[in-house]
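Numbers here simply count residues along the sequence, with the first being 1.
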Amino acid sequence: MQRRIRNWRSAASIGALTLAAACGPADAPSTPAPASAEARFAYLTYSGSDPIFDLPLSEGQARNPILAGYYPDPSIVKVGEDYYLVNSSFTHYPGIPVFHSRDLINWTQIGNVIDRPDMLDFSGLTVSRGVFAPTIEFHDGLFYVINTCVDCGANFIVTATDPAGPWSDPVWLPHVGGIDPSLFFDEDGKAYILNNDAPEGEPLYQGHRAVWIREVDPESFAQVSEPVVAVNGGVDLSKKPVWIEGPHLYKVDGKYLLSAAEGGTGPQHSQVILTAESPLGPFTPHPDNPVLTQRDLPEDRPEPITSVGHADFTQDGDGNWWAVFLGTRPYQGNEYNTGRETFLMPVTWENGIPRITAPGDVIPHVIDRPALPAQPDAPLPLTGNFTYTDAFDEEALPLHWLTVRIPSEDGYRLETGDLVLEKRAQGVGDPGHPSFLGRRQQHTNAEAYTEVMFVPGDSDDEAGLAAFQNDAAYYTLGLSLNEEGTSVVRLRRRASENADPDGEIVTEVPALAAPGEPLKLKIAAQGPEIDFYQASPEGEWQPVALGEDGTILSTEKAGGFVGTLLGVYAQSE
């Protein structure tokens, strides 16, 4: 989408701006504009330029990841010639994005599963709680998503005849504990639920978990059989494996394959396979595990893809197998701001099990495309280097935009080509419903810039751009007033839960526009560093602060399971 050329200024305001320019950018017009309760944003342009995405592609090749940025825990289902994929979204809303593709490469977001305020309640939750690791399935004309609402209701199922929605209200599963449930429909019509939960008895060590399985009624999901442990700890309990999770069950050539992640979601992450003659087991670990990992590779390898796991399998039209899974692209050590991303790899079969990587294999940034008819590029780029402008000229906010938790009311509207954001007393660092809307940072090297029109009433009023990882890890670059009533651009930073929710003021500089006039703001990330800029609508970018610490937005330092969002905010006292 191309940015619109717009003119907000009347002759009077042009005169005021000329006067302000003559007197210096910090001086206000002779007649102050009245304070505004809302901030107007003309557009948000996002641009990404990672060198790894400049690798040339030959005909028949595609880029990895297929979904760049914070799109973790992928689950996939094939229906006819169509593929549908969902991801975790934690307490971001709308929740659980739904994607469609016909070639496994070009994906288009078609909806969000959690898109009504009364479906779930994220009140008071930190950003990395909420909905974990969804599984999508299709059976007898109906789509199913089974999921956990962590600290907000436990496990549930929603259904839809159209994966774009609407999805049903949650059907709660009080007999299923833990997290990461998945649903399996057998050929005989029976249904089973798998989940991660505590093991039988007392855990033997930190991270000791189990995968449980039970038969359920295929319509009501009521429990039919008592749950049994399918995996205790992992493939070899004597080695104290940790965090067995994300289980999926498949039936291949009459045998049941249980695939699960093992080792946690960090650099020790892996995927393992167990087999059984019955859907209730007993399950036997395959001797050639793991079937996916990068933990055996040198840490200093160039442009690493790390932490791979949480895989789900599918087939193309020729019967070839493929796996989607999460991975990360650190810029140094285990630091990355883009979150866990969705990757694709072909699957080979060895000794009766699906294999994604052999020992020593490196996940590539360029893969051979599946033998499927190539589809047109999606309207919203989801991988590779690109520049994209949200012009806010549609009837609804685009599907890829997110807020934090589920607000009781939107607090924003789209009006005459602008995003109008209500300023709220809850700031970006408050554990409530701040006036913040953002999109994912999808590149290590990324820029986001906007043009805002806002008249602050005092030094507590701010509106502008934010780089937000969670309530305790963010930067805000906002238009405000100083204590003398002069228009300023203020940079704030919060880097720990113990810090002031409003963050510390890093710097404050005179604004390059008079109150009531548009001002451009930009955040530019280069791996571990972030730069901040402002400009008048026709002027060149001027630095507000350069070389700030971007690692505070990394998962390694900020914690949790999400990636950074870049977006707009408005707040008051």
**Q** Are the side chain of Tyr250 and the backbone of Phe313 linked by a donor-acceptor contact shorter than 3.5 Å?
**A**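 Yes, because the side chain of Tyr250 sits within donor-acceptor range (under 3.5 Å) of the backbone of Phe313.
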
**Q** Which distance, rounded to the nearest 0.5 Å, do you find between the NE2 of His92 and the CG of Leu565?
**A**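 The distance works out to 4.0 Å.
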
**Q** Can you tell which of Leu344, Leu85, Val324, Leu326 makes a side chain to side chain contact (heavy atoms under 4.5 Å, CB included) with Leu67?
**A**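 The passing option is Leu85.
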
**Q** What's the separation between atom CG in Asn112 and atom CZ in Arg116, rounded to the nearest 0.5 Å?
**A**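 Spacing of CG (Asn112) from CZ (Arg116) equals 12.0 Å.
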
**Q** In this structure, which one of Val231, Val242, Ile244 forms a side chain to side chain contact (heavy atoms under 4.5 Å, CB included) with Glu262?
**A**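 Output: one option passes, namely Ile244.
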
**Q** Between the side chains of Glu226 and Arg214, is the shortest nitrogen-to-carboxylate-oxygen separation below 4.0 Å, so that they form an ion pair?
**A**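 Result for this pair is no, no salt bridge flagged.
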
**Q** Shortest non-hydrogen contact from Ser554 to Thr551?
**A**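 Heavy atoms of Ser554 and Thr551 come nearest at OG-O, 2.7 Å.
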
**Q** Around Asp118, counting heavy atoms of other residues, nucleotides and ligands shown, do more than 12 lie under 6.0 Å from its CG?
**A**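 Check passes, neighbour count above 12.
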
**Q** Does the Asn195 side chain pair with the main chain of Val176, one donor and one acceptor, at a distance under 3.5 Å?
**A**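 Checked: no pair found.
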
**Q** For Phe392 and Trp401, what are the C-alpha separation, side-chain angles and deciding distance, and is it a ring pair (Phe, Tyr, Trp, His ring centres under 6.0 Å)?
**A** CA-CA 11 Å; Phe392 305 132; Trp401 279 74; 5.5 Å; yes

**Q** By the salt bridge (charged side-chain N to carboxylate O under 4.0 Å, His left out) test, which pairs, at least two apart or in different chains, include something from residues 307-317?
**A**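 Those involving residues 307-317 do not exist here.
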
**Q** Any side-chain donor paired with an acceptor under 3.5 Å for Ser259 and Gln271?
**A**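 Yes, side-chain donor-acceptor contact under 3.5 Å.
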
**Q** Any idea which heavy atoms bring Leu125 and Gly130 closest together, and the distance?
**A**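 Residues Leu125 and Gly130, closest heavy atoms: CD1-N, 3.9 Å.
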
**Q** Ignoring hydrogens and angles, tell me if any N or O in the side chain of Gln426 forms a donor-acceptor pair with the backbone of His433 under 3.5 Å.
**A**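 Yes: the side chain of Gln426 pairs with the backbone of His433.
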
**Q** Before giving the answer on side chain to side chain donor-acceptor pair (under 3.5 Å), spell out for His310 and Asp180 the whole-Å C-alpha distance, their side-chain angles and the decisive distance to 0.1 Å.
**A** CA-CA 10 Å; His310 204 106; Asp180 292 9; 4.6 Å; no

**Q** What is the minimum heavy-atom distance between Ile356 and Ala323, and which atoms define it?
**A**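 Nearest pair, atom of Ile356 first, then Ala323: CD1-CB, 3.5 Å.
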
**Q** So which atom in Ala425 and which in Asp430 form the shortest heavy-atom distance, rounded to 0.1 Å?
**A**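 That would be O-OD2, 3.8 Å.
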
**Q** Whether the Asn498 and Ser496 side chains hold a donor-acceptor pair (N or O, under 3.5 Å, no angle test) is what I'd like checked.
**A**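 Looking only at side-chain atoms, Ser496 and Asn498 do not form any donor-acceptor pair under 3.5 Å.
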
**Q** Which heavy atom of Pro97 sits nearest a heavy atom of Phe99, and at what distance?
**A**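 Nearest pair, atom of Pro97 first, then Phe99: CB-CE1, 3.7 Å.
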
**Q** Output the distance between atom CZ (Arg209) and atom CG (Asn196), rounded to the nearest 0.5 Å.
**A**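 Here the interatomic distance stands at 4.5 Å.
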
**Q** When you check the side-chain N and O atoms of His175 and Asn155, is any donor under 3.5 Å from an acceptor?
**A**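 The answer is no; no qualifying pair exists.
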
**Q** Counting C-beta onward and ignoring hydrogens, is there a side-chain heavy-atom pair between Phe156 and Val171 closer than 4.5 Å?
**A**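 No. Closest side-chain heavy atoms not under 4.5 Å.
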
**Q** Quick check against the 3.5 Å criterion: does Thr293 have a side-chain atom that pairs as donor or acceptor with the backbone of His269?
**A**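 The answer is yes, because a donor-acceptor pair under 3.5 Å joins these two groups.
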
**Q** Could you walk me through whether His286 and Leu274 pass side chain to side chain contact (heavy atoms under 4.5 Å, CB included), step by step?
**A** CA-CA 5 Å; His286 199 279; Leu274 301 91; over 6 Å; no

**Q** Please determine, by modelled atom types, if Thr275 and Thr284 share a side-chain donor-acceptor pair under 3.5 angstrom.
**A**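 Short answer, no.
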
**Q** Can you find a heavy atom in the side chain of Ile193 that is under 4.5 Å from one in the side chain of Ile213?
**A**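 No, their side chains stay 4.5 Å or more apart.
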
**Q** Where is the tightest heavy-atom contact between Gly560 and Thr555, given as atom of each residue plus distance?
**A**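 Where Gly560 meets Thr555 most closely, the heavy atoms are O-CG2, 3.2 Å.
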
**Q** May I ask you to check if Arg329 and Tyr336 form a cation-pi contact, with NZ or CZ under 6.0 angstrom from the six-membered ring centre and within 45° of the axis?
**A**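 No, Arg329 does not sit over the ring of Tyr336.
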
**Q** Knowing that exactly one of Thr348, Asp288, Val347 qualifies, which makes a side chain to side chain contact (heavy atoms under 4.5 Å, CB included) with Ile353?
**A**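 It is Asp288, the one option of Thr348, Asp288, Val347 that forms the side chain to side chain contact (heavy atoms under 4.5 Å, CB included) with Ile353.
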
**Q** May I ask you to test the Ile105-Thr383 pair for a side-chain heavy-atom distance under 4.5 Å?
**A**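 Side chain of Ile105 against side chain of Thr383, heavy atoms only: no contact under 4.5 Å found.
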
**Q** Under 3.5 Å, is there a donor-acceptor pair between the Tyr256 and Asp186 side chains?
**A**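 Result is yes, a qualifying pair exists.
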
**Q** Looking at Tyr46, I'd like to know if the NZ or CZ of Arg439 sits under 6.0 Å from its six-membered ring centre while staying within 45 degrees of the ring's axis.
**A**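 Ring-cation test returns yes.
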
**Q** Under a 3.5 Å distance rule, please check whether Tyr93 uses its side chain to pair with a backbone N or O of Asp115 as donor and acceptor.
**A**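 Side chain of Tyr93 to backbone of Asp115: a pair is present.
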
**Q** Is Lys251 atom NZ crowded by more than 12 heavy atoms from other residues, nucleotides or ligands, each under 6.0 Å away?
**A**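 Buried by this count: over 12 neighbours within 6.0 Å.
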
**Q** State, yes or no, whether a side-chain contact exists between His400 and Gln109 at a heavy-atom distance under 4.5 Å.
**A**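 Yes - at least one pair of side-chain heavy atoms lies under 4.5 Å apart.
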
**Q** For the pair Val145 and Ile157, evaluate side chain to side chain contact (heavy atoms under 4.5 Å, CB included) and give the outcome as yes or no after the intermediate values.
**A** CA-CA 6 Å; Val145 166; Ile157 288 178; over 6 Å; no

**Q** Do Leu237 and His208 come within less than 4.5 Å of each other through their side chains, counting heavy atoms only?
**A**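 Sidechains of His208 and Leu237: in contact.
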
**Q** Is the shortest side-chain N to carboxylate O distance from Asp471 to Arg405 below 4.0 Å?
**A**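 Looking at Arg405 together with Asp471, the answer is yes, because their closest N to O distance falls below 4.0 Å.
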
**Q** Enter the distance from His248:NE2 to Phe184:CZ here, rounded to the nearest 0.5 Å.
**A**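 Result: 13.0 Å between the selected atoms.
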
**Q** Sort and list the pairs that fulfil disulfide bond (SG atoms under 2.5 Å apart) and have at least one residue in residues 153-209, not counting sequence neighbours.
**A**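 Every candidate disulfide bond (SG atoms under 2.5 Å apart) pair involving residues 153-209 fails, so no pair, neighbours aside, qualifies.
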
**Q** Could you verify whether a donor N or O on one side chain and an acceptor N or O on the other, from Glu556 and Asn334, lie under 3.5 Å apart?
**A**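 Note: Glu556 and Asn334 side chains meet the donor-acceptor criterion.
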
**Q** With salt bridge (Lys or Arg N to Asp or Glu O under 4.0 Å) as the test, would you mind laying out the steps for Asp500 and Arg494 before giving the verdict?
**A** CA-CA 7 Å; Asp500 187 328; Arg494 190 181 187 200; over 6 Å; no

**Q** Would you say the side chain of Val272 lies within less than 4.5 Å of the side chain of Val291, judging by non-hydrogen atoms?
**A**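 Answer no - side chains too far apart.
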
**Q** Taking the six-membered ring for Trp, is the centroid-to-centroid distance between Trp107 and Tyr84 below 6.0 Å?
**A**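 No.
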
**Q** Evaluate side chain to side chain contact (heavy atoms under 4.5 Å, CB included) for Tyr192 paired with Ser225, printing each intermediate quantity in order.
**A** CA-CA 9 Å; Tyr192 301 85; Ser225 72; 5.8 Å; no

**Q** Can you find a pair of side-chain heavy atoms, one from Cys149 and one from Phe122, that are under 4.5 Å apart?
**A**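 They are in side-chain contact.
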
**Q** Is there a side-chain contact between Pro407 and Thr403 in this structure, where contact means two heavy atoms from C-beta onward sitting under 4.5 Å apart?
**A**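 Of all side-chain heavy-atom pairs linking Thr403 with Pro407, at least one is under 4.5 Å.
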
**Q** Would you list the pairs meeting salt bridge (charged side-chain N to carboxylate O under 4.0 Å, His left out) in which at least one residue belongs to residues 71-98, sequence neighbours left out?
**A**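 Applying salt bridge (charged side-chain N to carboxylate O under 4.0 Å, His left out) to every pair that reaches into residues 71-98, excluding sequence neighbours, yields Asp73-Arg340, Glu81-Arg102, Asp82-Arg102.
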
**Q** Check whether Arg355 reaches the backbone of Pro290 with its side chain - one donor and one acceptor, N or O, closer than 3.5 Å.
**A**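 Such a contact is found between Arg355 side chain and Pro290 backbone.
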
**Q** When rounded to the nearest 0.5 angstrom, what is the spacing between CD in Glu341 and OH in Tyr70?
**A**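 The distance works out to 13.0 Å.
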
**Q** Checking ring pair (Phe, Tyr, Trp, His ring centres under 6.0 Å) for the pair Phe468/Phe436: CA distance, chi angles, key distance, verdict?
**A** CA-CA 9 Å; Phe468 177 89; Phe436 167 75; 5.2 Å; yes

**Q** Please assess Met345 against Phe325 for the test side chain to side chain contact (heavy atoms under 4.5 Å, CB included), listing each intermediate value before the final yes or no.
**A** CA-CA 8 Å; Met345 283 283 286; Phe325 55 91; 3.5 Å; yes

